[in-house]
Amino acid sequence: MGRAVSQGQGRAGKTASYLATVWVIITLNFLLPRLMPGDPFIFLSGEEGEDLPQITEAQRAYYMDYFGFDAPLHVQYGRYLCRLAAGDLGQSVYYNAKVSALLADRLPWTLAMVLMAVFFSTLLGTLLGMIAAARRHQWADRALFIGLILVSEIPAFLIGLVLLFVFAAGLNLFPLSGGMTHFADDMSWGQRAADICRHAALPVATLTLARLGGIFLLARNSLITVMAREYLVTARAKGLSRARIFFRHALRNAMLPIVTRVFMGLGGLVGGAILVENVYNYPGLGKLMREAVAHQDYPLIQGIFLLVTLAVLTANFTADLAMQRLDPRIGRAGMAVQP
Amino acid sequence: MIFKALSKTGCLVLLSLVLLALAPGCSRSPDQAPDQTTDQNREQDQNQATASLEGRVEVIRLSGGDYGYPSPYAHYPRGPGGYKMCLIFDSLLERGEKGLIPWLAEDWQVSDRGKACIFTIRQGVVWHDGRPFTCEDVAFSLDYAARHPMTWSYVFGAIQNIEILPENKVKVTLREADATMLDLLGKTRILPKHIWEKVDTPKTFTGPNAVIGTGPYRLTGYSREHGTYRFEAFDRFWGPRPRVGRIEFLPVSEPILAYEKGEIDLVRLSPDLLPRYEKNPDHRIVKSPGFWGYRLLFNMAEKGPLQTKAVRQAFAHAIDREELVAKIARGAAIPGQAGILPPDHIMADPSVKEYKVNPQKAARLLESAGYPALDFDLLCSGREVRMAEIIKQRLGAVGVTLNIISVDGKTRDSRVRNRRFTLAIIGHGGWGGDPNYLYAHCTNSFSSSTSPLASGGTGTASPAFAALLKAQCLETDPEKRRRLIYQIQHLAAEEVPEIPLYYTTAYNLFRPDKYDGWLFMFDHHSLEHSKLSYLDWKGEI
């Protein structure tokens, strides 16, 4: 009984802490854009060749009133919370559209690209890590180690540019930019899907390469650590086959930090996505975020940050669940097990 | 920001290397199709053949990007969204190569000492939905724009009365006389009354009805997330025949690579790549007029040495603007003029004096003003740090020490607007527009606008100078106003209220075999933004 009460209190405490985190995030999302100097209606300078609007003070006052930015901060905050509670993310100042609609337009592209990159980088990184761990101190291990360390040190946008110039411009194997071929109305569903995959190939490859080194190192080190554990000595003493020891006992335990890394790294991937989407002019969320900050579009910045932070929280939560599944000791007795 | 900074130079280096390495593959002429020719390219080649037969091009493809739904209210404020909208919507006057030209208004007449203008409205014009265009539409549009500011609005709050007169005339009376009235009213887009009279929130009004205009093109495709647009020629357009059947704007990563692959038909060329195309007859290079520029602002609202004319003149003698053009713009710019208006401006006076680089004279001027040594903060954004360093070096040689404060662009803009600076560099376009911006640049009136052209002016113009600046605002006789503007440029050169550093002149590259109808508007630096670029324009209607 006493244990049930304490478990219930623990759950309530955890929920309260999650809610408090969400509230802090929402408040920061509201405040941060407004702490930036200037406002969305000041246009004094631009990039070379860029056309800027001419806005009089009367027009600025009209827009400030239209978007409610002339109200005191606490009133704006109250309105923001009320709208948010009703599921309304507000109206973008620059894009002149509902923030939720803009996010819905762009999210699938980024999500698909990021998930594909996570899948390929995890799969390839783990596989290469396994090879390196199994061939430790041999030439394959050394070559993979040095090669992937070098690749992981190159910034994502630079990898993107090299791939763009070589495979799109030079070899003409992939399109130069965009998410799909436009104004090709006679494409079948199959052709359209193949076209979207062709356009996504280089952005996904860029993000995959950028993440590969990290996953490889983690998988290799984790496997090497686990292979030295005493229970594996026991497994070997029992006469289990090498493959069974490696895949069933070593790999499963070595997967724990990899899974954590995959989920914890999702937030960081958005950063990579911004760069890659800009290199390829890919129609994703990262590009939208850069533009929203550049234009000081308060409602849009709030919407994107909220989505990203909620995605990271969800990723953490999913990581917890996945770890429990991989290692049933986690969560059952309320203790974390280090691999 | 890091990406922007790194990619600008990094990208250019990589690009140059790759272009050189891939020269044989990339330098094919448009009709030498590559082994892996796409359907798109084949279609382009066919279109070219058709074009040479009929003198009309079926399709032109240009670099896209999302700039909003092309209605006068829904397009985005920055970027070329407004010019796309102008393909659909006409205005009373249009921007020709040498000045404003008659468009939906066949004629106009200024009256009531510059407070009113009577437009004679063109007959026989139809909207894209087939309904006839009338004076009612003109009166409605101007009234509507005066109540709801269009994204590029020029008449919001300025109109007192609109009257429909007999013989297809519309009289517009402003609240006060304004020399820029024709520009203000002439550029305002005309909307179909039968559609927009039912719209209360124009900014959120989108859909097929929101893009019904009288212009030469209809919108037949738009994707917000991909930044694509497709415009098709309107076969019942009242004016010059469209020479381009379809205009498509597509997303592009590296424009020059897209041009090389034949994906786009016009590109802005980096000066570094100029030698590659200069002598190739398949390509033509056209230099843009210098209507986008950088200027050095003095905060003369602050008490101190900058209020002394000799100090500002010393700055003008010390800063080598040719050096800035050579080192920063790599030759693709015109040095700033002391008269402020760029040399390509239709009202620029070529006889205005210029400040030759003369460090000795600068030092003497400072000494005579009682400031042999000075120390200032120079505010700029990360993009202008190299420019600021060169200026610092030149001014250092005459005894002026500069502390460069580099902040992000928005912070700089905000500090300039709130006058929290001593010296600042800003860069923007619009230098080819109505010279009324001289008023804001040379007086203390910058708080009246958040726009680049009217910003940064913390000048304390002398009484005679201020009187001239005021007089040109009210002078509606074009010739008299031109003379006033000339005098103002001479006085600006004398009083140095700011120092224009340079006006950029981009290089535009296109294949004349594909299409050669490109032309500039008299006040703008982009070929693709001119509506006339796509029409069979013979200089008059």
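Protein chains get the first letters and strands the later ones, always in sequence-line order, with residue 1 at the start of each. None of the values given here were measured: they were computed from a predicted structure.
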message: One pair to check against side chain to side chain donor-acceptor pair (under 3.5 Å): S526(B) and Y83(B). What are the steps and the verdict?
response: CA-CA 10 Å; S526(B) 288; Y83(B) 293 106; over 6 Å; no
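- Both the backbone and the side chain of Y95(A) come within less than 4.5 Å of a heavy atom of chain B.
- There is no side-chain donor-acceptor pair under 3.5 Å between T180(B) and D183(B).
- Proximity of L164(A) to E254(B): side-chain heavy atoms (C-beta onward) are separated by under 4.5 Å at one or more points.
- Side-chain contact between L285(A) and L307(A): present, with at least one pair of heavy atoms (C-beta onward) separated by less than 4.5 Å.
- If you measure heavy-atom distances from E291(A) to chain B, you find no contacts under 4.5 Å at all.
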message: Quick one, E384(B) with R412(B), criterion salt bridge (Lys or Arg N to Asp or Glu O under 4.0 Å). Give me CA distance, side-chain angles, the key distance, then yes/no.
response: CA-CA 11 Å; E384(B) 295 107 22; R412(B) 185 266 320 273; 2.9 Å; yes
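- Using the six-membered ring where Trp is involved, Y63(A) and Y66(A) have ring planes that are perpendicular, over 60° apart on the 30 and 60° scheme.
- Residue A101(A) touches chain B through both its backbone and its side chain, counting heavy-atom pairs closer than 4.5 Å.
- Contact count versus chain A (heavy atoms, under 4.5 Å) is highest, among G68(B), P77(B), G81(B), for P77(B).
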- request: Any chance you could lay out the side chain to side chain donor-acceptor pair (under 3.5 Å) test for T220(B) and R246(B), step after step, and finish with the verdict?
  value: CA-CA 10 Å; T220(B) 56; R246(B) 217 162 64 236; over 6 Å; no
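- Taking the ring axis of Y67(B) as reference, the NZ or CZ atom of K84(B) does not stay both within 45° of it and closer than 6.0 Å to the ring centre.
- With a threshold of 4.5 angstrom between heavy atoms, Y282(A) does not approach chain B through any atom at all.
- Proximity to chain A is limited to the side chain of H524(B), based on heavy atoms less than 4.5 angstrom apart.
- The part of T151(B) that comes within reach of chain A is its backbone (N, CA, C, O), which places non-hydrogen atoms under 4.5 angstrom from that chain.
- Proximity to chain A (any heavy atom under 4.5 Å) is shown, for A74(B), by both the backbone and the side chain.
- For the set Y280(A), Y94(A), W109(A), the count of heavy-atom pairs under 4.5 angstrom toward chain B peaks at Y94(A).
- Of the two parts of T504(B), only the side chain, counted from C-beta on, holds a non-hydrogen atom closer than 4.5 Å to a non-hydrogen atom of chain A.
- When each of Y76(B), Y73(B), Y294(B) is scored by its heavy-atom pairs under 4.5 Å with chain A, the top score falls to Y76(B).
- When heavy atoms are compared at a cutoff of 4.5 Å, Y229(B) approaches chain A solely by way of its backbone atoms N, CA, C and O.
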